[in-house]
Each structure stands twice: as C-alpha cells, then as structure tokens.
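Input: a single structure, listed below in structure tokens.
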Amino acid sequence: MGGVQRAVSEWQKLPLSLTELCIDTTLRCGQSFRWRKIDDEWHCVLQGCIISLKQDAAHLHYRAIWPSHKQKLSAAVAPRTPLSLTYSCPSPRVKEEQDDGVQVASASVSAHDSDVDDDDGTARFLRSYFALSHSLSAMYEQWASSDANFARRAPAFTGIRILNQDAWETLVAFICSSNNNISRISQMVHKLCLHYGPYIGTVAGETFHDFPGPEALAGTRVEAHLRELGFGYRAKYIAETARIVATERPAGWLRQLRNPECPALDALGGGGVGDAKEEKNAEPTAPSYRATHEALVELSGVGPKVSDCVCLMGLGWGEAVPVDTHVWQIAQRDYAFGKGGKSKTFSKATYDAVGDHFRKIWGPHAGWAQSVLFTANLKSFSQQASGAKAEVSSAAIKVEEAKETTALAGKPAARVTKRKTVVTEVSSAVVKVEEITETTALVGKPAARVKKRKTVVAKVALKLEDDDIQVAEAKISTLRTSKRLRTRA
DNA sequence: ACGGGACCTGACAA
DNA sequence: ATTGTCAGGTCCC
C-alpha cells in the first residue's frame with residue numbers, strides 16, 4: 001500500500017435483513033436501469049463513484065471505487081458536447097490497474113486521493129439511496145392489514161424498496177420507458193452513459209460511465225444522434241427536455257421540487273462535493289406533490305405516468321402512484337376498476353381515480369406498495385411467484401403427511417410407514433409432486449414378517465391463473481404394488 | 001374535455 | 001420464416 005494510491009475501498013458491510021431490502025429484486029424491478037450484475041455482485045456509477053454491492057441474509061456488503069479526480073468529475077456537468085457520433089471512451093486517460101481487475105480513471109494531475117478511508121460517507125450514501133430510515137417490514141404490515149390483496153401477493157416479494165435516485169437521471173430514464181420494455185430501456189440508458197457520460201472506471205472488463213447531466217444532452221445534434229442509436233421517437237423528447245432544463249429553468253430547479261420530508265441524496269464524498277450555488281432563487285410556491293407533478297408534465301415526453309415515476313423515485317414523493325399498463329391491469333383485476341360504465345377506457349380521469357384509490361387504502365407511501373404489486377405482476381418475476389407458491393404448496397402436502405404419520409404412531413405398532421416426497425419442476429407454472437410411500441407391515445410371529453411395499457405416486461399440477469397458483473389436478477395413481485414378500489429371519 | 005391513432009424498436013411467441 | 005403483439009406512454013388531432 002505504499003507507492004500507488006488506491007481508489008478502491010475495502011468491502012464494508014451494513015447489517016440488513018432481506019425483508020428490509022432485497023437488492024436482487026429492487027435493482028431489477030424497473031426503478032433503476034443502470035445496475036449491472038457481474039458474478040453475484042451489483043455495480044453502478046453513482047455520483048462519480050462505482051458502487052459495488054452484494055448481499056447475504058444478514059448484511060449488505062458494499063464498496064466504493066472512485067477516480068482521484070472525482071471532485072472534478074462531479075462538479076463538471078457541462079463540458080460534454082459530443083462532436084463525434086461515435087464518441088465513447090475518452091482515451092487519453094491514465095488508468096491504474098488494481099489487483100482485482102479494477103481500473104479507475106485517473107487524472108494525472110492529482111495522484112492524491114482524498115478519502116480512501118472515508119467509508120462512513122458511502123454508508124450514509126447507501127442509507128439515503130435505499131431510504132433505509134423507513135422500516136419496510138412495518139410498512140408491509142400496514143399495507144397488508146388494510147388490503148387483503150396486498151396481503152395475498154406480497155409475501156413472495158419482500159424487500160422491495162423505492163430507491164431515492166437522482167431526479168434528472170430518473171426523469172430521462174422514464175422518458176425512455178414510454179411504450180417500451182425494461183430490457184430495451186436499460187440498453188438505451190446505458191447508451192446515454194456510454195456516449196455522453198464521463199468514464200469512471202472498469203470492473204471485470206466492463207467499463208462504467210456516469211449518467212450525463214442536462215447540459216450534455218442539450219446539444220443541437222443530440223436528437224439525430226439518439227435516433228441513430230435506436231431511441232426512436234424518444235430522441236426528440238430527451239433532447240427537448242434537456243434543453244428546457246438546462247436553459248429555461250433556474251439552476252437547482254429539480255432539487256427544489258423535492259419532498260422536504262425526504263432529504264436529497266447524501267453526497268458520496270462526505271459533503272463538500274455538491275455545489276451549493278442554487279437555492280437563492282425565491283420559489284414562492286410551497287413544494288407539494290401535486291405542484292411537482294404539474295411542473296414535470298410541462299416537459300417534453302413527460303405525461304402523468306412518467307411524472308409520477310420521477311416524483312416517486314427521484315424526488316421523494318411517496319404518495320405518487322405511477323399508473324401504467326400493469327397497474328391498470330391490477331386495478332381492474334383486483335380492485336374492481338373498469339367494471340362500472342364510466343371508466344371502461346383509460347383516461348386521465350381514470351388515471352387519477354386509480355391513484356387516489358391506492359392512496360386511500362395504502363396511505364402516504366402508496367407508491368411504495370404499488371411497486372411491490374407491480375413487481376409481482378412483472379412477467380420476468382412470475383417464476384418467482386409460482387416458485388414460491390409451489391414451495392408453499394409442497395410444504396402443505398408435507399404437513400398433511402406429518403399429520404398422518406403422527407396418527408399412525410399413536411396406534412400399537414402394527415406397521416411402520418415411511419414416506420418420501422419428491423418435488424420436480426416441470427415448467428415455471430407446473431410442478432410435479434411425487435409421493436412415495438413405503439409401508440412395512442409386521443404380521444404373525446415375531447420371527448417372520450410380511451413386508452408390503454406400496455408405492456404411490458401423486459401428481460399435482462399447479463396451474464398459473466391470474467398469477468395465482470391453484471391446484472388444478474390432484475390425481476393419485478398407484479403405479480406399482482409389489483407382491484407380498486415373505487422373509488424369514 | 002374526450003376518444004382514437006401514430007409513433008421507433010426489438011424481443012418473443014404463433 | 002413472416003407476421004403480430006407487447007413493452008412501466010405521450011402527443012396530437
């Protein structure tokens with residue numbers, strides 16, 4: 001540790017249960033589109049640092065990797081105007097090779113790291129990013145107690161939190177999300193970082209860039225370039241919104257739209273990084289969810305749904321309920337929406353009605369609860385639902401067996417029954433349960449015994465219906481009944 | 001105000 | 001293989 005300054009911190013850990021936070025779900029359920037999982041570790045650039053995470057049952061393990069010129073990077077949002085369409089990695093940078101295959105962009109000017117040991121800063125940042133001050137299990141209980149449907153769906157999807165993300169990044173990411181799928185949204189957000197964001201470092205051979213600021217995306221050629229990159233009609237929205245935010249709104253405009261009860265993301269460097277240059281503009285309107293929602297809708301490509309996503313995940317308004325196709329489906333299927341003659345089709349009035357309903361039954365963090373049901377409804381997570389339910393189902397079968405065995409045990413030991421259950425997954429929706437029973441009967445004289453072996457195979461098909469597992473078939477067939485075997489001692 | 005299309009693209013199922 | 005549908009919607013008429 002002598003000569004070369006390292007910008008990679010050691011792994012640290014934060015005590016945290018999986019019911020309070022499950023990163024495997026939270027980082028994949030369509031809130032952030034930027035986290036990448038490599039060999040059981042999650043990585044993402046936040047505030048100019050590469051944050052790495054892994055989790056076990058008791059702890060969230062984390063480490064931060066930052067370039068020594070991080071201060072400069074986080075302050076320099078502006079000077080990124082791509083002149084070349086194929087601009088990607090700024091090459092003329094010194095890279096420091098680390099032991100574990102980690103490279104970090106390093107400005108040759110300062111070979112001096114400020115805060116390698118400052119991991120409290122990272123911990124504070126993570127508590128803020130994951131909004132850990134709220135007890136998630138307590139909130140789940142509250143939502144479940146006031147809503148039977150939530151109580152039914154949520155047990156298979158614990159640990160889903162709303163991330164406290166950067167507002168600008170959230171805004172752009174969800175402009176990309178319109179009429180789109182998570183896979184492609186992630187690709188698009190990645191392209192934005194790659195082509196317009198500053199290079200931060202390399203982990204396991206993969207390069208990591210930060211998310212570009214509004215100024216970087218406000219150029220006149222951005223729209224055409226983004227179209228070439230496959231953004232489709234969203235290219236115009238992004239360029240327009242970037243221009244508006246960069247030039248037609250006061251500095252710190254987005255920050256002023258935050259929920260005051262949910263403080264802004266803590267600075268990673270332990271303070272001093274954020275430029276406290278705004279805040280002087282007198283904003284007479286008291287910040288509120290409604291006002292924030294209206295202000296965002298003014299932007300290009302931002303309708304009510306995208307606005308609510310930014311309110312919820314980027315600005316700390318927990319009551320914001322983004323109503324998308326999934327939530328609309330849920331509202332119709334589980335909350336009797338669209339049944340009455342009025343709101344059969346989906347209108348703005350319907351949108352507001354759905355949100356109001358969920359705010360009414362779930363309370364001030366309705367958006368958090370929405371995220372749980374949304375995730376449970378995602379196709380990419382349906383296997384998790386069926387898998388969990390199959391487990392529950394097979395557990396129930398085993399309980400039945402145990403009861404039977406207990407009943408037998410009470411009798412004088414005329415026979416001994418041994419049972420075994422084999423559960424095999426046929427598909428994501430169908431599970432085969434084989435029950436093998438061996439009965440050994442003891443008859444006659446002590447010396448002689450009759451052994452009767454019977455094998456019963458029970459096939460239980462579990463069908464996925466409305467995302468709900470039901471036992472569609474419980475057929476018991478005797479495959480083989482062996483003859484009596486007479487043995488002698 | 002309300003209803004209906006168009007809109008880029010790519011993955012995935014018939 | 002081609003075609004159709006769907007994906008965390010928004011804009012415009």
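For clarity, every value in this text was computed on a predicted model and none was experimentally measured. Computation of the quantities below employed the complete heavy-atom set of this structure, encompassing side-chain atoms and omitting hydrogens, waters and symmetry-equivalent molecules. Chain letters run A, B, ... following the sequence lines, proteins first, then strands; residues in each count from 1.
Nucleotides of DNA chain C lying under 4.0 Å from heavy atoms of chain A occupy a range whose first and last members, 5' to 3', are C:dA7 to C:dC11.
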### Message
Dot-bracket for DNA chain B, please. Rules: Watson-Crick or G-U, both distances under 3.5 Å, ( ) within the strand, [ ] when a pair crosses earlier ones, | for another strand, . otherwise.
### Response
..|||||.||||||
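Remark: A:R161 CZ to A:L136 CG distance equals 5.0 Å, nearest 0.5 Å. Rounded to the nearest 0.5 Å, atoms CZ (A:F150) and CD (A:E141) are 10.5 Å apart.
Looking at which nucleotide of DNA chain C each of A:D324 and A:V297 is closest to, the 5′-most match is held by A:D324.
Nucleic acid contact for A:L299: sugar-phosphate only, since backbone atoms but no base atoms lie under 4.0 Å from a heavy atom of the residue. When heavy atoms are screened at a 4.0 angstrom cut-off, A:V302 is found touching the sugar-phosphate backbone but no base atom. Heavy atoms of A:F374 sit under 4.0 angstrom from at least one base atom. Contacts of A:C176 with the nucleic acid, taken as non-hydrogen atoms under 4.0 Å apart, are absent.
In this structure, the salt bridge (Lys or Arg N to Asp or Glu O under 4.0 Å) partners of A:E240, at least two apart in sequence or on a different chain, are A:R243.
Environment of NZ in A:K13: sparse, with no more than 12 heavy atoms of neighbouring residues, nucleotides or ligands closer than 6.0 Å. Summarising the local packing, CD of A:E261 is surrounded by 12 or fewer heavy atoms from other residues, nucleotides or ligands at distances under 6.0 Å.
Near DNA chain B, defined here as any heavy-atom distance below 4.0 Å, the residues from residues 232-243 of chain A are A:G232, A:Y233, A:R234, listed numerically.
Taking atom P in both C:dG8 and B:dA6, the straight-line distance is 23 Å, to the nearest Å. For the P atom pair drawn from C:dC13 and B:dC8, the interatomic distance equals 14 Å after rounding to whole Å. Across B:dG5 and C:dT5, the matching P atoms stand 14 Å from one another, rounded to whole Å.
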Let me check something: any side-chain donor-acceptor pairs from residues 48-57 of chain A under 3.5 Å, sequence neighbours excluded? List them with distances.
from  : atom 1 : to    : atom 2 : distance (Å)
A:S52 : OG     : A:H43 : ND1    : 2.8
A:Q55 : OE1    : A:I23 : N      : 3.0
A:Q55 : NE2    : A:L21 : O      : 2.6
A:D56 : OD1    : A:A58 : N      : 2.9
A:D56 : OD1    : A:H59 : N      : 2.7
A:D56 : OD2    : A:H61 : NE2    : 2.8

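Checked by atom type, the side-chain pair A:Y289/A:N259 shows no donor-acceptor distance below 3.5 Å. Side chain to side chain, A:D166 and A:Y129 fail the donor-acceptor criterion of an N or O pair below 3.5 Å. No hydrogens or angles considered: nothing links the side chains of A:D210 and A:Y196 as a donor-acceptor pair under 3.5 Å. Side-chain atoms of A:R258 and A:N164 form a donor-acceptor pair, as typed in the model, at a separation below 3.5 Å. In summary, the side chains of A:S137 and A:E20 do present a donor paired with an acceptor at a separation below 3.5 Å, with no hydrogens or angles considered. One side chain, A:R333 or A:N377, offers a donor N or O that lies under 3.5 Å from an acceptor on the other.
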N/O contacts under 3.5 Å, protein versus nucleotides 10-13 of chain B?
none

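Atom CG of A:N180 is separated from atom C1' of B:dC8 by 9 Å (rounded to the nearest Å). Taking atom CD of residue A:E228 and atom P of nucleotide B:dT9, one finds them 11 Å apart after rounding to whole Å.
Taking the six-membered ring where tryptophan is involved, the planes of A:W328 and A:F346 are tilted, since the angle between them lies from 30° to 60°.
A salt bridge is absent between A:K360 and A:D356: the closest approach of a Lys/Arg side-chain nitrogen to an acidic carboxylate oxygen does not fall below 4.0 angstrom.
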